[in-house]
Amino acid sequence: MKYYSTNGKAPMADLEKAVVKGLAEDKGLYMPERIVKLPKAFFDDMPKMTFLDIAYNVAANFFGEDVDMDGLQELVYDTLRFDCPVVKVEENIYSLELFHGPTLAFKDVGARFMARLLQYFTKSTRGKENSLINVLVATSGDTGSAVANGFLGVEGIHVYVLYPKGKVSPIQECQFTTLGKNITAIEVDGVFDDCQALVKAAFMDEELNRHMRLTSANSINVARFLPQAFYYFNAVARLSALGHQTSDIVMCVPSGNFGNICSALFGHQMGLPIKRFIAANNANDVFYQYLQTGKYNPKASIQTLANAMDVGDPSNFARILNLYSENGKLSAEETHQRITSLISGATYSDEQIAETMRQCYADTGYVLDPHGACGYRALKENLQPGEVGVFCETAHPAKFKEKVDQILGTDIAIPERLQAFMKGEKQSVPMSKDFSSFKSYLMKQ
Ligand SMILES: *Cc1c(COP(=O)(O)O)cnc(C)c1O
């Protein structure tokens with residue numbers, strides 16, 4: 001399979017190049033040249049299949065031309081060592097719990113899949129001079145832990161996680177500072193934007209790039225966002241096993257950078273029968289405004305309770321436009337019309353998020369995290385008679401324990417997996433925010 005750039009000014013790439021480079025030369029995002037529909041027999045069998053088998057079939061449809069079948073099966077089985085259950089919250093509203101992975105976040109799947117795919121592609125050069133791949137990732141909390149754990153122990157790859165000193169929660173910090181092995185945590189004396197600036201400067205620095213192979217692991221990478229489609233196929237399978245008509249399903253995705261919903265839309269293009277989608281946002285409402293007006297006006301992000309969705313210029317918006325404009329063939333009006341006929345939006349303030357968490361807990365006993373709360377509320381407000389709503393619960397509420405307890409007056413339990421991280425010893429490299437010290441540190445590695 002070849003991949004083209006959404007900006008249309010870069011050469012086509014094969015999967016290996018798209019994964020190793022992440023971004024195309026013209027700064028566009030890579031898109032597969034074809035999205036192949038899965039056969040009807042597969043959809044008929046799906047309710048009887050396991051999550052692993054469903055995922056393997058979906059993966060083969062995307063990556064089967066470029067990865068041999070045994071390699072792909074191993075990759076999928078190694079990535080999905082946990083479940084993604086559909087939990088009934090109330091009549092016709094289900095929570096798709098995407099937080100049963102190693103760091104209790106849905107990003108675990110994409111991070112692990114990408115790590116193993118990089119490893120697969122670099123196997124032949126391993127051990128040769130300068131073959132080590134160095135992944136640089138800046139984090140405000142969640143991405144760093146998912147990427148660090150996904151890449152932990154993967155041969156031939158070293159990960160540097162840059163995070164702002166004193167600005168991530170203790171639970172988040174221990175998830176990437178206690179791992180050791182091929183993971184190095186770098187504690188930057190600055191804010192998240194300083195971390196991101198250091199990573200960007202490193203990619204631009206010629207001397208550094210001659211010294212070591214550098215790559216990034218953010219959500220624009222095709223190997224990170226596409227595997228999330230596995231979740232949506234599984235959700236449809238489980239709901240139809242419960243006796244629901246798949247043609248009634250409304251899928252609601254709390255969105256920030258729009259990678260997760262984008263994977264669901266790719267699934268839809270592969271024939272997954274979902275009636276319509278809702279993108280639920282916090283106060284960062286650029287996509288919502290696009291749906292209303294047809295105009296896309298990126299803004300600076302606003303800090304909210306659902307901070308993993310604090311994005312003012314979602315990177316994957318370019319993919320959604322490209323998908324529904326058929327790579328620019330349709331006009332802006334036609335594209336907007338196609339998008340709004342399939343996807344609607346919602347936007348909620350912090351007050352509304354907290355109020356929703358309280359209402360849901362009081363009425364149903366289900367503990368929402370602030371991100372999932374946006375999804376649940378959008379369904380409550382928009383679901384039509386006869387429809388079945390599914391919202392993604394994107395993080396375990398214990399990851400936001402302080403906020404959740406404060407809002408609900410609870411003392412929710414911290415899962416053992418999180419507690420285990422908290423027992424480890426913190427190791428990090430202190431770093432100033434100027435590039436020269438970061439560069440001289442990397443030049444010594
Ligand atoms: C990353 C994240 C999101 C947003 O997902 P996108 O793919 O960026 O839209 C939502 N909730 C949580 C908890 C996250 O970590």
Side-chain angles (χ1 to χ4, degrees), residues 32 35-49 51 54-55 57-59 61-62 84-89 91-98 106 109-110 225-255 258-281 287-288 291 316-317 319-324 335 337-346 372 374-394:
I35 300 178
V36 180
K37 288 229 187 314
L38 280 154
K40 181 175 178 300
F42 167 73
F43 290 108
D44 291 344
D45 287 346
M46 227 171 48
K48 296 192 289 287
M49 292 167 73
F51 182 27
I54 292 171
N57 276 277
V58 176
N61 203 48
F62 268 124
C84 73
V86 172
V87 175
K88 185 168 182 173
V89 175
E91 207 51 40
N92 287 332
I93 296 190
Y94 292 84
S95 169
L96 174 58
E97 295 187 347
L98 304 184
F106 78 83
V109 158
F225 94 91
L226 275 176
Q228 293 164 2
F230 304 157
Y231 292 136
Y232 298 95
F233 283 84
N234 191 51
V236 168
R238 302 292 79 93
L239 280 180
S240 73
L242 288 172
H244 289 292
Q245 288 290 336
T246 58
S247 53
D248 296 336
I249 295 175
V250 177
M251 190 61 74
C252 181
V253 187
S255 297
F258 282 69
N260 200 7
I261 196 169
C262 211
S263 77
L265 297 171
F266 273 69
H268 186 249
Q269 294 289 102
M270 288 166 76
L272 187 65
I274 289 175
K275 184 181 174 191
R276 62 189 184 93
F277 294 85
I278 305 176
N281 285 134
F287 185 76
Y288 180 82
L291 293 175
N316 284 294
F317 180 70
R319 278 205 170 100
I320 297 178
L321 270 190
N322 190 273
L323 195 59
Y324 294 102
T335 306
Q337 205 272 323
R338 285 184 74 190
I339 292 175
T340 51
S341 66
L342 183 65
I343 314 170
S344 61
C374 297
Y376 170 82
R377 180 156 181 157
L379 284 179
K380 286 285 271 189
E381 289 181 352
N382 291 296
L383 211 60
Q384 302 299 313
E387 292 180 335
V388 183
V390 185
F391 69 95
C392 297
E393 219 342 334
T394 47

Exercise. Is a side-chain donor or acceptor of Arg238 paired with a backbone partner of Pro47 at a separation under 3.5 angstrom?
Worked result: yes

Please tell me if the side chains of [X] and [Y] come closer than 4.5 Å, counting only heavy atoms from C-beta onward.
X	Y	result
Tyr376	Pro254	no
Phe42	Ile54	yes
Leu342	His268	yes

Within this structure, what is the [atom1]-[atom2] distance for the pair [X] and [Y], rounded to the nearest 0.5 Å?
X	Y	atom1	atom2	result
Asn234	Leu239	CG	CG	9.5 Å
Gln269	Lys37	CD	NZ	6.0 Å
Ile339	Leu323	CD1	CG	8.5 Å
Tyr231	Asn260	OH	CG	7.5 Å
Arg319	Ser263	CZ	OG	10.5 Å
Ile343	Ile261	CD1	CD1	5.5 Å

For this session: Describe, in one word, how the ring planes of Phe43 and Phe233 are oriented to each other, choosing from parallel (under 30°), tilted (30 to 60°) and perpendicular (over 60°).
Result: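 Phe43 and Phe233: parallel rings.
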
Problem set entry | Between Phe258 and Phe317, ring centroids under 6.0 Å | no

Seminar exercise, completed: From the list Glu381, Lys380, Glu387, side-chain contact (heavy atoms from CB on, under 4.5 Å) partner of Leu383 resolves to Glu387

Exercise. Run the side chain to side chain contact (heavy atoms under 4.5 Å, CB included) check on Cys252 and Phe277 step by step: do they pass?
Worked result: CA-CA 6 Å; Cys252 181; Phe277 294 85; over 6 Å; no

For this session: Give the C-alpha distance, both sets of side-chain angles, the deciding distance and a yes or no for side chain to side chain contact (heavy atoms under 4.5 Å, CB included) between Met49 and Asn57.
Result: CA-CA 10 Å; Met49 292 167 73; Asn57 276 277; 3.3 Å; yes

For this session: Output, in order, the C-alpha distance, side-chain angles, deciding distance and verdict of side chain to side chain contact (heavy atoms under 4.5 Å, CB included) for Val36 and Phe62.
Result: CA-CA 8 Å; Val36 180; Phe62 268 124; over 6 Å; no

Exercise. Is the number of heavy atoms from other residues, nucleotides or ligands under 6.0 Å of Gln245 CD greater than 12?
Worked result: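 Count not over threshold, so no.
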
Seminar exercise, completed: Closest heavy-atom pair, Ser240 versus Thr246, reported as atoms and distance to 0.1 Å, is CB-CG2, 3.7 Å

Exercise. Run the side chain to side chain contact (heavy atoms under 4.5 Å, CB included) check on Ser255 and Asn281 step by step: do they pass?
Worked result: CA-CA 6 Å; Ser255 297; Asn281 285 134; 4.0 Å; yes

